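Notes for the one structure printed next.
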Amino acid sequence: MAGVETKLVYFSWVRERVGKSEEKIVLPQDVTTVMDLLLWLKQRDDGFAAALEFPEIIRVALDQEHVEHTAEIGAPREIAIFPPMTGG
Amino acid sequence: MAGVETKLVYFSWVRERVGKSEEKIVLPQDVTTVMDLLLWLKQRDDGFAAALEFPEIIRVALDQEHVEHTAEIGAPREIAIFPPMTGG
Amino acid sequence: MSAFGVTVRVQSEDFDQAAETTLLTKGRTDIGAVATFSGLCRGEGETLKALELEHYPGMAESEIEAAANAAVKRWPIDGLLVIHRYGRITPGEQIVLVIATSKHRDAAFDGARYVMDFLKTNAPFWKKEHRVDGQEASWVDAREEDEQATKRWK
Amino acid sequence: MSAFGVTVRVQSEDFDQAAETTLLTKGRTDIGAVATFSGLCRGEGETLKALELEHYPGMAESEIEAAANAAVKRWPIDGLLVIHRYGRITPGEQIVLVIATSKHRDAAFDGARYVMDFLKTNAPFWKKEHRVDGQEASWVDAREEDEQATKRWK
């Protein structure tokens, strides 16, 4: 699916550290799992490095569904990246 | 404590079966435990026999405190006799 | 006798849950959680005309207070209100109200549920059911489930 | 998607607990138990000026609905309402409301608490604290207790 843009959305302190609430990017072909994605994003710039310093605590949703870090990304329309939730 | 009157109060279907909500009686000297009391009351008349047919399920409170059937009666001002509670 | 923050009322009149909640929370900024339980009279498929709730005055209050005080001792609860009605109550009407407030939700939930469980098995109230069909009124049997519910707190 | 009897609302406006309770119970004689939980904004000893609640629109609703639908499947619940606010909320204000109605109290209590526990760990909301002293606002950390609370339902 090279060349297809995916929408990424960021929330809470992930959003603040990466400096944007959303963007559209083309994912590299070797990014196949959620953890691949987090590690790839982390080396993009200092903001991502700060936001994803501890990737194991970061939550990811593919098309608004929570997924494990081992999950295959597939071809979602939207990927959300955020810290543990603190609602309620 | 022979000759001292104790107030007995009855509730719910115990009250209906014995035909009164309260009375003052002098307890026999050989009635020392709660179970003694229930068995003595049971043989007083048909109403008490019906109310106390299964004395093990009957609840007793001495001066408004729940007690076990093995408890010593002592000298309370008021003894309450009633079925299991169904409030709430 | 009741601990600070515990209010128990046994009354024939109906009660206003919203007003009671406001009394417990208004102007306070230290309460994070309010757990409320209200028990209503069920119509049993429109066969029930009314419940008649008999109680043992004095002991009804003291047993509920004992349960409420035990809850306040066991969990960090700020306010605990219990209202239990007696007398004639028709389907859809309110019978009992428990409100527990706390900093955190676990204490509020546990406190409210504990009081309801103990009230069911320990507070001297008895329900008589009057039927729509005019059949003789009958006393509600105690439920074994309620005994078990109380035991889970040991 | 929500099961019959389940209502979920994510909104910035405040809500009226009494009005919502009335909507769930009015005219009904088959409900015996109403368990309600409301979560309020705490002032943290008057150090907190306001909470700012960020959420992920769409997913917030669907995660709460998933928890509510799971509760309705697990217990005999008649009605289940969940309202969660977002935006700026000051100390003493309401944040979240859960009301579960049922024939019996256990289902109502369990349903309301289950939804609160799952909502805490699964619904995409994040709280930022603005301080009275003007110190930089900071994000609330997730609590390990909340993770444990969710696990007790497995």
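Chain identifiers are assigned alphabetically (A, B, ...) following the order of the sequence lines, protein sequences preceding nucleic acid strands; residue numbering begins at 1 within each chain. Fair warning: this is a prediction, and the values are worked out from it, not measured in the lab.
The CD atom of D:Q17 sits 5.0 Å away from the OG1 atom of C:T21 when rounded to the nearest 0.5 Å. To the nearest 0.5 angstrom, C:E46 atom CD is 5.5 Å from D:T29 atom OG1.
Counting heavy-atom pairs closer than 4.5 Å to chain C, the top residue among D:A100, D:P91, D:G32, D:G43 is D:G32. Between chain C and the options D:A35, D:A18, D:C41, heavy-atom pairs under 4.5 Å are most frequent for D:A35. Top candidate by heavy-atom pairs under 4.5 Å with chain C, chosen from D:E44, D:E145, D:K103, is D:K103.
Contacts between residues 109-134 of chain D and chain C, defined by a heavy-atom separation under 4.5 Å, are made by D:F109, D:D110, D:A112, D:R113, D:M116, D:D117, D:K120.
Heavy atoms from other residues, nucleotides or ligands lying under 6.0 Å from NZ of D:K151 number more than 12. For C:E144, the CD atom is densely surrounded, since the number of other residues' heavy atoms within 6.0 Å is greater than 12.
Contact annotation for D:R28: only backbone heavy atoms (N, CA, C, O) come within less than 4.5 Å of a heavy atom of chain C. Neither the backbone nor the side chain of D:T90 comes within contact range of chain C; no heavy atom of the residue lies under 4.5 Å from a heavy atom of that chain.
For the residue pair C:R152 and D:D106, the shortest heavy atom distance occurs at NH2-OD1, 3.0 Å. Nearest heavy atom pair, residue C:L40 against residue D:I31, reads CB-O, 3.4 Å. Annotation for C:R143 and D:R105: closest pair NH1-NH1, 4.3 Å, computed over non-hydrogen atoms.
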